[in-house]
2 protein chains.
Amino acid sequence: MAKKKGYLSCLDSVKPVRDAIDVINGKWKLPIIISVTTGNERFTDIQESIPGITPKVLAKELKDLEQHKLIKRVVIDDYPVKILYRPEPYATTLTPIIEALKDWGLTHRKKIFEKE
Amino acid sequence: MAKKKGYLSCLDSVKPVRDAIDVINGKWKLPIIISVTTGNERFTDIQESIPGITPKVLAKELKDLEQHKLIKRVVIDDYPVKILYRPEPYATTLTPIIEALKDWGLTHRKKIFEKE
DNA sequence: TATTTCACTTTCCTTTAGGAAAGTACTATA
DNA sequence: TATAGTACTTTCCTAAAGGAAAGTGAAATA
């Protein structure tokens, strides 16, 4: 019983970890975050900055990222209207995690390919 | 050109980040890692410790985790042979990342559900 | 001899992520 | 009037993840 409880309380950390991973998971989330944070604002600019992405996927991922408050869709009411995508300051809270994942991923690749 | 180079060098971090995420991604990787590190060793014990997992998925994920050197498949040559799954010390290098993801995931959930 | 346990594998099916190509509604420009 | 740009949407398709259920082969137990 004590063992089972211990296991279940460990499982409690699975959900938030999954929540976090889901935000940056998928083929295009990180490239889009990077593109927007490096200054690309227009839909077509973002699209052209990421080779291979289709407008369908970009539209869907931008909505996702907006729901997660990482970017903001800004409508500029000129004639014609402009639509800009801008990074939210909140997006920077992801940076240390992405760095940690990057570092681990780099050493892991070495670990896997080192002589057995 | 400087801008494009900047973008491309940012993209260089996408691959290692993906490498890292792939290791812990999917529905069952974390529960299995947790189950093994908390002491479950036998296939059926691990299976029973994770509600809902099927033997097919467990077998596949255990192979994956072994390839990534996070766990070890140990064959004990008694009669009958026993097969044990044990965590590798290397698996602990994941802990700070999982903790960071958990913390970010928890605050993120609050952020998303706070009044707009 | 029959049943059970262990560690899986096999087959079939559904769901989800993502790609390719075309279309759309509006505006601007030649 | 015709073409081009902007920001998408729609439809159709494929591949991969994962689930359900049954099967397998060897050894242990009743």
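Excluded from the calculations below are hydrogen atoms, water molecules and symmetry mates; all remaining heavy atoms, backbone and side chain alike, are included. Lettering of chains follows the sequences in order, A, B, ..., and the numbering in each one begins at 1.
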K.L.:
Does C:dA17 have its OP1 or OP2 closer than 4.0 Å to a side-chain nitrogen or oxygen of A:Trp28?
P.N.:
no

K.L.:
Go nucleotide by nucleotide along DNA chain C from the 5' end; which of A:Val81 and A:Gly52 gets its closest nucleotide reached first?
P.N.:
A:Gly52

K.L.:
Taking salt bridge (Lys or Arg N to Asp or Glu O under 4.0 Å) as the test, write out the residues that go with B:Asp22, two or more places apart.
P.N.:
B:Arg18

K.L.:
With the sugar-phosphate defined as primed atoms, P, OP1 and OP2, and the base as all remaining atoms, what B/S/- string results for nucleotides 8-17 of chain D, 5' to 3', for protein heavy atoms under 4.0 Å?
P.N.:
BBBBB-----

K.L.:
Quick one: B:Asp78 CG to D:dA28 P, roughly how many Å, whole number?
P.N.:
10 Å

K.L.:
Output the rounded distance in Å from CG (B:Asn25) to C1' (C:dT16).
P.N.:
13 Å

K.L.:
Can you measure A:Lys82 atom NZ to D:dA7 atom P for me and round it to whole angstrom units?
P.N.:
9 Å

K.L.:
Can you check the B:Glu61 CD to C:dA7 P distance for me, whole Å?
P.N.:
18 Å

K.L.:
Does a side-chain N-to-carboxylate-O contact under 4.0 Å join A:Lys102 and A:Glu99?
P.N.:
yes

K.L.:
Which pairs pass ring pair (Phe, Tyr, Trp, His ring centres under 6.0 Å) with one or both residues in residues 43-70 of chain A, sequence neighbours excluded?
P.N.:
A:His68-B:His108

K.L.:
Considering residues at least two apart in sequence or located in another chain, which fulfil the salt bridge (Lys or Arg N to Asp or Glu O under 4.0 Å) criterion with B:Arg109?
P.N.:
A:Asp19

K.L.:
How long is the line joining CG of A:Leu84 and C1' of D:dA7, in whole Å?
P.N.:
12 Å

K.L.:
Using OP1 and OP2 only, check whether a side-chain N or O of A:Thr44 sits under 4.0 Å from D:dA7.
P.N.:
yes

K.L.:
When you check the phosphate oxygens OP1 and OP2 of C:dA7, does a side-chain N or O of B:Arg42 lie under 4.0 Å from one of them?
P.N.:
yes

K.L.:
Can any side-chain N or O of A:Ser49 pair as donor or acceptor with the backbone N or O of A:Ile46 at less than 3.5 Å?
P.N.:
yes

K.L.:
Please identify each residue that fulfils salt bridge (Lys or Arg N to Asp or Glu O under 4.0 Å) with A:Lys29, with sequence neighbours left out.
P.N.:
A:Glu61, A:Asp64

K.L.:
If you assign A:Tyr79 and A:Ile53 each to the DNA chain C nucleotide with the nearest heavy atom, which residue ends up on the more 5' nucleotide?
P.N.:
A:Ile53

K.L.:
In whole Å, I'd like the distance from the CD1 atom of B:Ile50 to the P atom of C:dA7.
P.N.:
14 Å

K.L.:
Going by side chain to side chain donor-acceptor pair (under 3.5 Å), name the residues that satisfy it together with B:Thr107, two or more places apart in sequence or in a different chain.
P.N.:
none

K.L.:
What is the distance, to the nearest angstrom, from the CG atom on A:Asp64 to the C1' atom on C:dT16?
P.N.:
13 Å

K.L.:
For the pair made of CD in B:Glu41 and C1' in C:dA7, what is the distance, rounded to whole Å?
P.N.:
15 Å

